[in-house]
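Report on one structure; see the data block that follows.
Just the heavy atoms: all of them, side chains too, but no hydrogens, waters or symmetry mates, feed the values below. If you're wondering where the values come from, they're calculated on a predicted model, not measured in any experiment.
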Amino acid sequence: MIFLPFHTRRLVTQVYFGLKPGRKKGIVVDMARPSSNLAEFREVFAKAKHIAVITGAGVSAESGVPTFRGAGGFWRKWQAQNLATPEAFVRNPSRVWEFYHYRREVMLTKSPNPAHLAIAECESRLSKQGRKVVVITQNIDELHHKAGTRNLFEIHGSLFKTRCNTCGSVKENYKSPICPALEGKGAPEPDATDAAIPVDELPRCEESGCRGLLRPNVVWFGETLDSSLLGEVEKELETCDLCLVVGTSSVVYPAAMFAPQVAARGVPVAEFNMESTPATLGFTFHFQGPCGTTLPPAIARHETELIS
């Protein structure tokens, strides 16, 4: 995962999509201002047979999930980019586990919001009509799963899975706390002190004969996404006939290029977000406002759908 800050919201009129490193040719996209006409979108939605929904931190923020981005986005005195790295884990695994313990405990208190629920309901409803909805999320909070989404790609992993640094075993883990030494730890206030938990007391692998140090099974900054998972995602993006971008800032790569690649082949893309993003001008539709308010009416049952 690579985080690229944008110092400007303006896009140049020539954007290069889906290129292999070193290639110079690109796809030129005419950056007409996107429509915010809901009726027009609804007509496109009614005809779509394969809808790809790309979601980011914005959709979970409406459930009260901290994003650790931007002004005020700190845990103690650090932002996620300072803690969610392999190097940070090697330097101070106790501090990193405190950070993730805090996030896990917070997420156990959160529920899906109307945007999550609308997506799950849409997937269930359209599947009965022989239509497909697939959700590609950058979020690690499992709120889509809680909402009932089944066709789900969690490309950055999950807070509730661990991976062993020694044997590589990946396991679901919903323990609270994940280990006794973390109980009561992870306070986010700036003046909180590190617990300095001995490494032997941090979460350990339970595979027979292993006892290796566990890490959260999430994609950290500087790490690459799982290639087989990415291949499955690419197949969905190459075959969808409508793409929805929900609550994503379009600045974390490679996910930031997913929707522009879809738009580049002439497929309608609709963005639902609190504000414009670096990719907005390349999309067909843009609906500004809270996702939980703008998205549900956009993907509710269309009058042409049969009620089963």
Side-chain angles (χ1 to χ4, degrees), residues 1-4 17-21 50-60 65 67 80-81 84-86 89 100 103-104 107 112 116 119-120 122-123 127 132-174 205 207 212 214-265 267 269 279:
M1 177 170 61
I2 303 172
F3 176 69
L4 296 180
F17 293 116
L19 301 181
K20 302 292 185 182
H50 184 172
I51 303 171
V53 184
I54 302 168
T55 70
V59 69
S60 291
V65 178
T67 63
Q81 300 96 297
T85 70
F89 192 64
Y100 279 96
R103 296 179 71 179
R104 283 166 57 95
M107 282 314 309
H116 295 108
I119 292 169
C122 181
E123 177 196 18
S127 68
K132 183 177 184 181
V133 175
V134 59
V135 177
I136 303 160
T137 188
Q138 301 169 70
N139 300 333
I140 61 175
D141 50 43
E142 294 199 0
L143 286 179
H144 282 298
H145 180 72
K146 280 187 179 181
T149 293
R150 294 291 174 261
N151 202 3
L152 177 64
F153 294 96
E154 294 172 312
I155 63 172
H156 290 165
S158 167
L159 279 172
F160 299 100
K161 290 181 181 176
T162 59
R163 184 167 82 243
C164 178
N165 268 355
T166 301
C167 72
S169 175
V170 175
K171 300 283 187 182
E172 287 187 345
N173 189 311
Y174 295 92
C205 183
E207 290 291 319
L214 296 180
R215 57 162 281 180
N217 190 45
V218 297
V219 179
W220 280 333
F221 291 97
E223 294 183 327
T224 57
L225 274 62
D226 179 86
S227 59
S228 61
L229 179 62
L230 205 52
E232 293 182 62
V233 167
E234 288 174 351
K235 288 178 183 177
E236 299 291 343
L237 296 174
E238 288 169 359
T239 55
C240 70
D241 56 3
L242 175 63
C243 180
L244 311 184
V245 183
V246 184
T248 176
S249 60
S250 295
V251 295
V252 178
Y253 284 74
M257 291 308 299
F258 290 167
Q261 286 176 328
V262 174
R265 60 182 182 86
V267 172
V269 176

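Distance OH/Y253 to CG/L225: 14.0 Å, rounded to 0.5 Å. We find the OG1-CG distance between T162 and N165 to be 10.5 Å, quoted to the nearest 0.5 Å. Annotation: the span from L244 atom CG to I119 atom CD1 amounts to 7.5 Å, rounded to 0.5 Å. To the nearest 0.5 angstrom, I54 atom CD1 is 5.5 Å from L237 atom CG. Distance check: N151 CG to H144 NE2 gives 12.5 Å after rounding to the nearest 0.5 Å. Atoms CD and OG, from E207 and S169 in turn, are 4.0 Å apart once rounded to the nearest 0.5 Å.
A side-chain donor from one of N139 and S60 sits under 3.5 Å from a side-chain acceptor of the other. Looking only at atom types and distance, the side chain of E236 has a donor-acceptor partner in the side chain of H50 under 3.5 Å away. With hydrogens and angles left out, the side-chain atoms of T137 and E154 include no donor and acceptor closer than 3.5 Å. Between the side chains of T248 and Q138, a donor-acceptor pair is found at a separation under 3.5 Å.
In this structure, the side chains of V53 and V134 stay at 4.5 Å or more apart for every pair of heavy atoms. Taking the side chain as every heavy atom from C-beta outward, R104 and N173 approach each other to under 4.5 Å. Taking the side chain as every heavy atom from C-beta outward, C240 and V262 approach each other to under 4.5 Å. Inter-residue side-chain proximity for H116 and K146 is flagged as unmet; no heavy-atom pair is nearer than 4.5 Å. Side-chain contact between I51 and C243 is absent, with no heavy-atom pair separated by less than 4.5 Å. Between M107 and F160 the shortest side-chain heavy-atom distance falls below 4.5 Å. L152 places none of its side-chain heavy atoms less than 4.5 Å from the side chain of I136. With contacts defined as side-chain heavy-atom distances shorter than 4.5 Å, the pair V245/V269 qualifies.
Between P86 and W220, the closest heavy-atom pair is N-CE3, 3.5 Å. Looking at every heavy atom in both residues, S228 comes nearest to D226 through OG-OD2, 2.5 Å. Taking all atoms of both residues into account, the shortest heavy-atom contact from G148 to A120 is C-CB, 3.9 Å. Between I155 and V219, the shortest heavy-atom distance links the atoms O-CG2, 3.6 Å. Across all non-hydrogen atoms, the minimal contact from A256 to P260 is O-CD, 3.3 Å. For the residue pair F89 and L214, the shortest heavy atom distance occurs at CZ-O, 3.4 Å.
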(request) Go through the steps to decide whether T149 and H145 satisfy the test side-chain contact (heavy atoms from CB on, under 4.5 Å), and finish with yes or no. (result) CA-CA 5 Å; T149 293; H145 180 72; over 6 Å; no
(request) Give the intermediate values and the outcome of side-chain contact (heavy atoms from CB on, under 4.5 Å) for residues K161 and V218. (result) CA-CA 8 Å; K161 290 181 181 176; V218 297; over 6 Å; no
(request) Begin with the C-alpha distance, continue with both residues' side-chain angles, and end with the deciding distance and a verdict on salt bridge (Lys or Arg N to Asp or Glu O under 4.0 Å) for E223 and R215. (result) CA-CA 14 Å; E223 294 183 327; R215 57 162 281 180; 2.8 Å; yes
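Ion pair K132/E123 not flagged as a salt bridge, since none of the NZ, NE, NH1 or NH2 atoms sits closer than 4.0 Å to an Asp/Glu carboxylate oxygen.
The side chain to side chain donor-acceptor pair (under 3.5 Å) test with N217 singles out one residue from H156, K171, R163, and that residue is R163.
A donor-acceptor pair under 3.5 Å links the side-chain atoms of T239 to the main chain of K235, judged by distance alone.
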